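Worksheet: one structure, shown below.
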Amino acid sequence: MRKFLPVLSIMIAAFFAYSTVLAKDITERSLAVKAARLVEVFALLGAFVTVAMIVAALVSTSTFRIVFAQRMRELALLRAVGASRARLARGLIAEGALTGLLASVAGVVLAVGAGQLVPLAGLVAPGFPLTPALIVVFGSFVLTTLAVLAPAWSAAKVSPLEALRTSAVQDAQSRIGAARWVLGILMASGAGVLLVHVAIDGLATKQRPSGMTEDLLLRTTISGALAFGALITLGPALISPLLRLIGIPLRRSTIGSLAVSGIGGAPRRAASVTAVVALGVSLIIATLTGANTLQGLGKAEMASAYPADLEITGPVDAGALKASGLTDVLPYRRTEITVDGRLTMRGTDLDMTKLRDLTDFRVDSGALADMGPHKIILSTSTASRLGLTAGSPADVNGVRMTVAATLFGGVPLGSALLHPSDVEGEPVGALANGPKELVPAGFEVESLTDHRLAQENWFTSLVAIAVGLLFLTMLIAVVGVGSTTALSVLERTRESGLLRAIGLTRRELGRLVTTESGLYGVVGAVVGLVIGIPYAWLAIISLGIEWPLQVPVVPVGVVVLVLAALTAGAGLLPARRAARVSPVAALHSIQ
């Protein structure tokens, strides 16, 4: 059964890949024309599923390598009786390809079965999109075949003399060749150079020419790919220093010290597994960080667009509105202004300091309290276009004014705020708080609260979908950790027997295995944090989002803890197997 462990990761990826196709079919059947608005959402889902498929392939490569290593004596015997390397490699590749075919078909079948349950949620059941189903099956088959190539060829190089050896411990060497060092350093250097260039170009260029954002995003993606490639290439050499650093608290206990030594004893295997975990963690951390940053900007923009519960337009009577029971009634006047003869925009004399809630606004430069006659408040984006900041002089309709402050996300009701002494005319509208029903008849009113809630709900739903799909990659990575731990336990049966013989209890041996399994998650989480947060910042810069990076500390901590718990949980079954081994039987086994 253990030779089919890669089936699970590929099957999960295929299941979710085809589930995305069925979800789109369900949406189109249920929402008809409205489904056209969700094209971007399904494009995003497709991108995440693609990442999940790549992670599944990496898990499969690692698992195939371990499975073939466990069968090294069997392969050596085949070589001894005359099997050529090429023939052995072809047999192993065929085995891997068949595994991928079975897994992809099983994943599609499970997705179709799950799709038939959607009528329970009041939606129309999907059809059976045959072409996408075949594409998913073929893609998973090809991906698994590619994943097994390197492990198969490496295993086929086994010497016939390996059949005479009694030790089955594989991947114990942390040394990597000079060529691999050079390749890894080149990829890391390329990632760093691109990161610096993107940061410099993105921060320095306020007015971007057409296509610059796409170019920055492409360079960010290439830099991330190079960084991950460097991690895979240099992983075996980096895993020991990382373990020494992360394992400092664990070395105070016997179990912790044994767990660190157990993982460090097979650095290539540990590097392969933690690289997959790190990819999933970095994507989740980058998404959470980017979403938190965008949410801060979104709140500022919504506070600017919807600064109160209600907006009453047209000639207004502030006294009548207050008498109706509405609170925080703020009349405003509006005018058209031209700043520095370059940019024409709307200006209002709304007093921001009297708004009910200023917590979502964030000052970029200057201070709201500096507002006064012949002063102006601009949004950060408008100020950047004009090359202005707080304290800068500005020509406003021929009048010399000073920029009092600049705000991230925009200013309420327009592109600029003026002092009441600089605006003429009667009020053309008012902001107020309270239910819409209190507005007297004859006034034109719009509920800003409804618009704000709709925008917030949409953004929250989109982030939840993205994070949920990224947790799919984590699920596949956890499957990889479980398979690696299971095969490691099988490979180290004699070692487990020796530990039991010198006094380690079954419970302690089980704790040792689960601690090792959890350590894979912790090491992967640390590496994922180191990669994910800088690239989240780089993505924000590439998109030209003018808002400081905000790392959600609590959600990030929760992700790390959940990952450690999941990876430790993935070692429970292998731990039970290790604990059941008799010391005498283990010491007599020949691996």
Side-chain angles (χ1 to χ4, degrees), residues 1-3 5 8 62-63 65-67 69-73 165-172 174 239-240 242-274 277 477-525 561-591:
M1 286 294 293
R2 289 180 175 83
K3 67 175 66 178
L5 282 170
L8 187 54
S62 175
T63 308
R65 193 179 299 278
I66 298 169
V67 171
Q70 177 61 35
R71 295 163 53 191
M72 199 59 69
R73 296 193 66 214
R165 297 181 181 176
T166 60
S167 175
V169 177
Q170 304 294 328
D171 298 331
S174 61
I239 195 69
S240 294
L242 271 174
L243 279 173
R244 281 197 295 270
L245 178 64
I246 296 172
I248 290 176
L250 294 176
R251 290 189 181 275
R252 297 179 181 178
S253 69
T254 302
I255 298 298
S257 183
L258 287 172
V260 172
S261 300
I263 293 180
R268 293 179 182 272
R269 175 184 308 161
S272 298
V273 175
T274 54
V277 176
V478 169
V479 171
V481 171
S483 64
T484 300
T485 305
L487 291 165
S488 178
V489 165
L490 182 65
E491 183 180 80
R492 294 158 56 193
T493 302
R494 292 178 58 115
E495 179 184 327
S496 299
L498 181 59
L499 290 172
R500 290 276 287 114
I502 62 176
L504 212 63
T505 66
R506 289 185 175 183
R507 179 173 294 182
E508 288 173 333
L509 186 58
R511 282 173 48 204
L512 171 60
V513 175
T514 53
T515 302
E516 286 187 12
S517 184
L519 259 178
Y520 286 125
V522 173
V523 174
L561 292 177
V562 169
L563 177 62
L566 287 176
T567 50
L572 288 177
L573 289 178
R576 290 184 62 187
R577 182 188 185 282
R580 287 199 304 264
V581 173
S582 165
V584 177
L587 292 173
H588 279 85
S589 66
I590 299 178
Q591 303 264 344

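Atoms considered below: every heavy atom in the structure, side chains included; atoms not considered: hydrogens, waters and symmetry mates. Note that the structure is a prediction, hence the values are computed from the model and not measured.
Between Ala570 and Ser517, the shortest heavy-atom distance links the atoms C-OG, 4.0 Å. Shown here for Tyr520 and Val481, the closest heavy-atom pair between the two residues is CD1-CG1, 3.9 Å. Closest approach of Ala575 and Thr514 over heavy atoms only: CB-CG2, 3.9 Å. Here the closest non-hydrogen pair linking Glu508 and Ile255 is O-CD1, 3.5 Å. Of all heavy-atom pairs spanning Leu563 and Gly521, the tightest one is CD2-O, 3.5 Å.
Between the CG atom in Leu242 and the OG1 atom in Thr274 there is a gap of 8.0 Å [rounded to 0.5 Å]. Summarising the geometry, atom OG1 belonging to Thr505 is positioned 10.5 Å from atom CG belonging to Leu512; distances are rounded to the nearest 0.5 Å.
Scanning for side-chain hydrogen bond (donor to acceptor under 3.5 Å, both in side chains) contacts around Thr254 gives an empty result, with sequence neighbours left out.
Side chain of Ser257 to backbone of Ser253: no donor-acceptor contact under 3.5 angstrom is found.
Between Leu243 and Ile239, some side-chain heavy-atom pair lies under the 4.5 Å cut-off.
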